[in-house]
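The structure under discussion appears below in the form of structure tokens.
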Amino acid sequence: MLRMIKQAISLMAMTLCTTQVSGCSNNDNVTSISAAEFEKEIKTNSVQLLDVRTHQEFTEGHIDGAINIDVRSDDFQRIAEKELSKDSTVFVYCRSGKRSLDAADRLTKLGYKVVNLKGGIIEWKDNGLTITIEEKQTPDK
């Protein structure tokens with residue numbers, strides 16, 4: 001009996017590790033790439049750059065040229081279909097890579113070609129790459 005419990009725990013642990021390594025994405029149509037590769041692609045190709053974090057996170061720092069559509073918004077799909085073209089690849093990122101994988105999965109199901117930033121903007125900044133910070137608006141006097 002104890003042996004069966006140990007085997008069950010082992011199986012659950014292996015399943016959890018496999019899920020973590022795969023990034024919880026079961027969509028083979030999504031490519032996840034490193035920050036260095038991501039930067040090269042967005043600089044050399046005509047792509048759509050999508051930040052799927054909240055508006056507040058976006059204003060605190062984002063990759064230059066990105067548009068912001070919060071993946072957790074009820075309007076995510078409607079706004080994405082309005083703002084994004086299916087004619088060019090969507091390069092998507094979030095804070096750590098989890099929300100962007102969710103967004104990428106949803107977008108590929110809608111017919112978009114998507115590339116995900118592995119590790120999100122955390123990885124981007126850890127690689128010394130630059131971000132744009134929105135200036136706070138001050139009321140005119």
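The basis for the numbers below is simple: all heavy atoms, side chains too, and nothing from hydrogens, waters or symmetry mates.
Between G61 and I133, the shortest heavy-atom contact is CA-CG1, 4.1 Å. When every heavy atom of N127 is checked against every heavy atom of A35, the shortest pair comes out as ND2-CB, 3.8 Å. Minimum interatomic distance between A103 and V92 (heavy atoms only, all atoms of both residues): CB-CG2, 4.2 Å.
Between K113 and L107 there is no side-chain heavy-atom pair separated by less than 4.5 Å. No side-chain heavy atom of T108 sits less than 4.5 Å from a side-chain heavy atom of L110. With a 4.5 Å cut-off on side-chain heavy atoms, I33 and E41 count as touching. Annotation: side chain of I63 is in contact with side chain of I42 (closest heavy-atom distance under 4.5 Å). Two residues are said to be in side-chain contact when any heavy atoms from C-beta on lie closer than 4.5 Å; S32 and L101 meet this criterion.
Hydrophobic clustering keeps I67 apart from L49 (ILVMFWY residues linked when any side-chain heavy atoms are closer than 4.5 Å, directly or through intermediates). L129 and I122 fall into different hydrophobic clusters, where Ile, Leu, Val, Met, Phe, Trp and Tyr side chains are chained together by heavy-atom contacts under 4.5 Å. Using a 4.5 Å cut-off between side-chain heavy atoms of Ile, Leu, Val, Met, Phe, Trp and Tyr, with links allowed through other members, V114 and V52 fall into the same hydrophobic cluster. L50 and L117 sit in two unconnected hydrophobic clusters of ILVMFWY residues. Membership requires side-chain heavy atoms under 4.5 Å apart, directly or through other members.
Checked for salt-bridge contact, D105 and K109 meet the test: a charged N lies under 4.0 Å from a carboxylate O. Remark: D70 does not engage R72 in a salt bridge, criterion side-chain N to carboxylate O under 4.0 Å.
For the salt bridge (Lys or Arg N to Asp or Glu O under 4.0 Å) condition, the pairs that include at least one residue of residues 31-40, sequence neighbours left out, are E39-K43. Applying the ring-ring contact (aromatic ring centres under 6.0 Å, His included) test to every pair with at least one member in residues 46-73, sequence neighbours left out, gives these pairs: F58-H62. Within the structure, ring-ring contact (aromatic ring centres under 6.0 Å, His included) contacts touching residues 67-118 (residues at least two apart or in different chains) are F38-F91.
Residues passing the side-chain hydrogen bond (donor to acceptor under 3.5 Å, both in side chains) test with Q77, sequence neighbours excluded: none. Qualifying side-chain contact (heavy atoms from CB on, under 4.5 Å) partners for Q48, counting only residues two or more places apart in sequence or in other chains: L84, S85, S88, V90. Looking at residues two or more places apart in sequence or on another chain, you find no side-chain contact (heavy atoms from CB on, under 4.5 Å) involving T130. A search for side-chain hydrogen bond (donor to acceptor under 3.5 Å, both in side chains) contacts involving E81 returns nothing, not counting sequence neighbours. Applying the side-chain hydrogen bond (donor to acceptor under 3.5 Å, both in side chains) rule to T89 yields no partners; only residues at least two apart in sequence or on another chain are considered. Taking R99 as the reference, E57 meet the side-chain hydrogen bond (donor to acceptor under 3.5 Å, both in side chains) condition, with sequence neighbours excluded. By the side-chain contact (heavy atoms from CB on, under 4.5 Å) test, D75 is found to be paired with S73, R78, I79, residues two or more places apart in sequence or in another chain being considered.
With rounding to the nearest 0.5 Å, the separation of CD1 in I131 from CD1 in I121 is 5.5 Å. Taken from SG in C94 to CG in D102, the straight-line distance is 9.5 Å, to the nearest 0.5 Å.
Counting only distance, with no hydrogens or angles, the side chain of N68 and the backbone of D51 share a donor-acceptor pair below 3.5 Å.
Annotation for D74: atom CG does not count as buried by contact number, only 12 or fewer foreign heavy atoms lying within 6.0 Å.
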